[in-house]
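As structure tokens, the structure follows; a few thoughts come after it.
What you see is a predicted model; the values in this text were computed from it and never measured.
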Amino acid sequence: MKIMDGFFDKIFHCLTAISFGLVSACTLVQIVARYTPGFSAPWTDELTRLFFMYTIMFGSPMAIKYAEYAVIDVVTGRIQGTPSRILHILIHALIAVFCGTGAKQALVLFQTGTRTVSASLRISMTVFYLVPVGIFVLTLVYCVADMIRELFIGRGKK
């Protein structure tokens, strides 16, 4: 289990880094194109947006796994022991319900994308509309895995 866990961690970290690197590269091309007479790159705007969305999609499971999301810990920081575990499971259950609902709606959006193409890249919008589905499904999987880990192992013990 730890081998698979580490394997997926490395894949998501690498994909997130690659996607963010591509965001940076596209942004650099955009800046150069803006200040270079006679050089136009209208595709950089869409491509930057696409790679940024993929950065979020690949990074969201890691945010859930390592609890690197926004938390108001004024209350949760003071709770210890079993109540803390119950609260942790409840929070992840609510996130899972939200993600399940979101995935269902994102699938409708994805199916809409099969009939349209992007303005400047001229590629199917399914490439763009896959991201919300991916974000919700990957986050849901990692929430469920974290709830199972919390139930059987306990927080912080991986």
CG of L90 to CD1 of I86, rounded to nearest 0.5 Å, is 9.5 Å
To the nearest 0.5 angstrom, please state how far the CE atom of M62 sits from the CD1 atom of I11.
10.0 Å
Do you know the tightest heavy-atom contact between S118 and L121?
OG-CB, 3.3 Å
If you round to the nearest 0.5 Å, how far is OG of S84 from CD of E150?
7.0 Å
Backbone N/O of A33 and side chain of T36: donor-acceptor pair under 3.5 Å
no
ILVMFWY network linking F8 to F136, side-chain heavy atoms under 4.5 angstrom
no
Spacing of CG belonging to L15 relative to NZ belonging to K10, to within rounding of 0.5 Å:
14.0 Å
Close side-chain approach of V108 and Y129, heavy atoms under 4.5 Å
no
Given side-chain contact (heavy atoms from CB on, under 4.5 Å), test V117 with I123 step by step and report yes or no.
CA-CA 5 Å; V117 294; I123 59 174; over 6 Å; no
Heavy-atom closest pair, residues I89 and M147
O-SD, 3.6 Å
Can you check whether Q111's main-chain N or O pairs, donor with acceptor, with T114's side chain at less than 3.5 Å?
yes
Side-chain heavy atoms nearer than 4.5 Å, only ILVMFWY residues, links allowed to pass through others: does that put L22 and V131 together?
yes
R85 side chain to L151 backbone, donor-acceptor under 3.5 Å
yes
What's the spacing between I148 CD1 and I153 CD1 if we round to 0.5 Å?
10.0 Å
Please report the C-alpha distance between F51 and F20 in whole Å, then the side-chain angles of each, then the deciding distance to 0.1 Å, and finally whether the ring pair (Phe, Tyr, Trp, His ring centres under 6.0 Å) criterion is met.
CA-CA 7 Å; F51 289 135; F20 190 71; over 10 Å; no
Are L109 and F98 linked, directly or through intermediate hydrophobic residues, by side-chain heavy-atom contacts shorter than 4.5 Å (ILVMFWY only)?
no
Residues Y142, H92; criterion side-chain contact (heavy atoms from CB on, under 4.5 Å); working and verdict
CA-CA 9 Å; Y142 271 75; H92 278 80; over 6 Å; no
ILVMFWY cluster, V97 and L140 together (side-chain gap under 4.5 Å):
no
Of all heavy-atom pairs linking A41 and V29, the shortest is CB-CG1, 4.2 Å
Would you call the rings of F58 and F12 parallel, tilted or perpendicular if under 30° counts as parallel and over 60° as perpendicular?
tilted
Path from M53 to I18 over hydrophobic side-chain contacts below 4.5 Å:
yes
Can you measure from CD (Q30) to CG (L47) and round to the nearest 0.5 angstrom?
9.5 Å
Can a side-chain donor-acceptor contact be found between Y66 and D146 if the only test is distance below 3.5 angstrom?
no
For V133 against L107, the heavy-atom pair lying closest together
CG2-N, 3.8 Å
Are T55 and V23 packed together at the side-chain level, in the sense that at least one heavy-atom pair is separated by less than 4.5 angstrom?
yes
Between G59 and T16, the two heavy atoms sitting closest are N-OG1, 3.3 Å
Taking all non-hydrogen atoms of both residues into account, name the closest pair between C26 and T48 and its distance.
CB-OG1, 3.1 Å
